[in-house]
Amino acid sequence: MTESDFEQLPQKGTSAPAAGERTADDEPICTIVSNDTRIIERCAVIAVGAAVRINQCADPQLLPGDGSGPVLWGSDMAALAENPGRPVDVLVGLEDSEALIWSLASRIPKARVAVLPSASQWLGEYLGLWAMRAGHGHTLALNSTAGGLGTTTLSLLLAHAGTLSGLRSAMIDLDPHSQGAWPLVCAQPPIGIGWEELQQSGGALAAHQLAETLPKLRDTAILTWSRANRTQELEDQLVIRLLAAARQGFDLVVVDAGRAPHPQRLAMNQFIDRNIATASSMTLPASGEVVLCGEQKLRCTPQGFPEILGAVPVLPRISKALERGQLFDIFKSRALRQHLSNLCLIPQVKEQHP
């Protein structure tokens with residue numbers, strides 16, 4: 001592998017990718033600040049193994065300041081990493097520069113050290129773990145405090161609201177007691193994979209494959225159970241791989257986690273940006289952010305209770321749409337659109353500048 005096997009950061013006079021902007025194939029990106037061919041080639045090999053694209057930066061002044069990925073400093077340029085304000089994650093060098101990079105690391109807070117080749121495995125695991133948790137998609141989890149509150153319904157509505165806002169959105173059904181979400185939205189599920197197929201595949205799907213193979217209804221991707229007769233629980237590693245790929249393949253991921261506490265909450269929480277509880281006035285949790293389901297508002301909010309984001313009442317149109325299995329038809333209702341907007345749970349679409 002040579003320097004031509006990875007990309008260089010733009011030179012002066014050109015522009016780097018904007019913060020949050022996706023690359024052509026949505027690969028996570030890290031940066032190596034070095035002109036040492038030996039270090040660059042070794043890091044390139046390690047990055048490929050971790051499924052991370054690596055960019056070379058020959059001029060520290062051109063480093064992206066958006067915190068988009070780990071920044072590695074080669075020992076040949078590591079002295080410049082002491083400049084305040086420059087991002088430093090790992091100091092990398094060969095064995096002949098070990099003393100130098102350890103000395104620099106002692107003066108740079110939180111800087112890690114990778115002496116190659118002995119630390120190759122550690123560096124690969126570090127980049128791989130970061131890539132798994134990276135992803136651009138905002139991930140929202142809905143946890144119900146009791147059964148029958150309409151958490152699945154709200155999850156579907158929020159995901160589709162994201163689609164209508166211009167986001168690539170997906171609803172992930174992770175309710176341990178789910179009987180499948182399709183009957184709520186359509187009579188015949190669209191073509192695509194469900195949890196049954198993912199279990200058989202082991203979840204070995206890249207982000208772009210997941211985005212292409214999940215069934216879509218009115219452009220909103222939905223991952224749920226194809227049949228109600230579930231026979232096997234989901235494994236933690238499958239959930240981890242799925243959420244990692246979903247964050248990279250979509251702008252908005254809404255997770256229906258069902259009734260709290262979730263049996264896989266530790267695995268899920270690695271990927272969740274925001275946890276929201278769905279509750280009634282009689283089932284309020286002790287803390288956190290809450291959406292009231294089936295009620296217009298909370299009549300009395302004692303001090304010390306959680307933050308009430310808003311309410312989604314049971315509108316007659318919602319009940320009728322659910323009975324018909326055509327939930328997304330409810331977006332014709334201006335009242336529902338306003339209720340969802342008032343929750344402020346849908347991230348805004350970033351403007352694209354030429």
Side-chain angles (χ1 to χ4, degrees), residues 1-136 206 244 248 270:
M1 181 170 292
T2 66
E3 294 181 52
S4 61
D5 292 319
F6 55 91
E7 298 183 2
Q8 290 190 338
L9 289 181
Q11 302 301 311
K12 292 182 179 179
T14 63
S15 59
E21 181 179 337
R22 294 171 181 264
T23 62
D25 49 3
D26 293 332
E27 288 180 333
I29 300 174
C30 69
T31 303
I32 174 72
V33 185
S34 176
N35 280 315
D36 188 321
T37 304
R38 300 173 303 164
I39 296 175
I40 292 171
E41 290 183 354
R42 286 182 180 272
C43 288
V45 172
I46 294 170
V48 168
V52 174
R53 177 182 297 173
I54 188 166
N55 287 340
Q56 182 200 4
C57 178
D59 184 349
Q61 294 183 1
L62 298 177
L63 274 174
D66 56 20
S68 57
V71 178
L72 285 53
W73 288 76
S75 57
D76 59 313
M77 300 182 70
L80 301 176
E82 292 188 80
N83 191 314
R86 286 179 177 168
V88 183
D89 293 291
V90 184
L91 301 179
V92 184
L94 304 181
E95 293 176 348
D96 56 5
S97 60
E98 181 174 1
L100 169 64
I101 57 178
W102 277 112
S103 175
L104 288 170
S106 67
R107 302 194 295 271
I108 302 176
K110 299 182 180 180
R112 301 167 178 84
V113 170
V115 179
L116 304 179
S118 58
S120 296
Q121 181 177 347
W122 173 85
L123 183 58
E125 292 174 352
Y126 170 81
L127 293 177
L129 183 61
W130 167 80
M132 182 181 71
R133 297 177 179 175
H136 300 279
Q248 295 177 25
Q270 301 177 63

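Considering only heavy atoms from C-beta on, Val92 comes within 4.5 Å of Cys43 through its side chain. Arg112 is not listed as a side-chain neighbour of Leu91, based on a closest heavy-atom distance of 4.5 Å or more. In this structure the side chain of Val52 never reaches within 4.5 angstrom of the side chain of Ile29, judged on heavy atoms. Side chains of Pro87 and Leu63 form a contact here, defined as non-hydrogen atoms less than 4.5 Å apart.
By the neighbour-count criterion of 12 heavy atoms within 6.0 Å, atom CD of Gln121 is sparsely surrounded, having that number or fewer from other residues, nucleotides or ligands.
In this structure, a donor-acceptor pair under 3.5 Å is present between the side chains of Asp76 and Ser34.
Between Glu41 atom CD and Ile32 atom CD1 the span is 12.0 Å, to the nearest 0.5 Å.
The nearest pair of heavy atoms linking Ala78 to Leu104 is CB-CD1, 3.4 Å. When all heavy atoms of Val90 and Leu123 are compared, the closest pair comes out as CG1-CD1, 4.3 Å.
A salt bridge links Arg38 to Asp96: at least one charged side-chain nitrogen sits closer than 4.0 Å to a carboxylate oxygen.
Between the side chain of Trp73 and the backbone N or O of Ala79, no donor-acceptor pair lies under 3.5 Å.
Residues Trp122 and Tyr126 place their aromatic rings such that the two centres sit under 6.0 Å apart.
For Arg86, the salt bridge (charged side-chain N to carboxylate O under 4.0 Å, His left out) test picks out no residue, with sequence neighbours left out. Take Trp102 and apply the side chain to side chain contact (heavy atoms under 4.5 Å, CB included) test, not counting sequence neighbours, and it matches Glu98, Val113, Val115. Looking at residues two or more places apart in sequence or on another chain, you find no side chain to side chain donor-acceptor pair (under 3.5 Å) involving Asp89.
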- request: Report the C-alpha separation of Val71 and Cys30 in whole Å, then their side-chain angles, then the decisive distance to 0.1 Å, and conclude whether the side chain to side chain contact (heavy atoms under 4.5 Å, CB included) test is met.
  value: CA-CA 6 Å; Val71 178; Cys30 69; over 6 Å; no

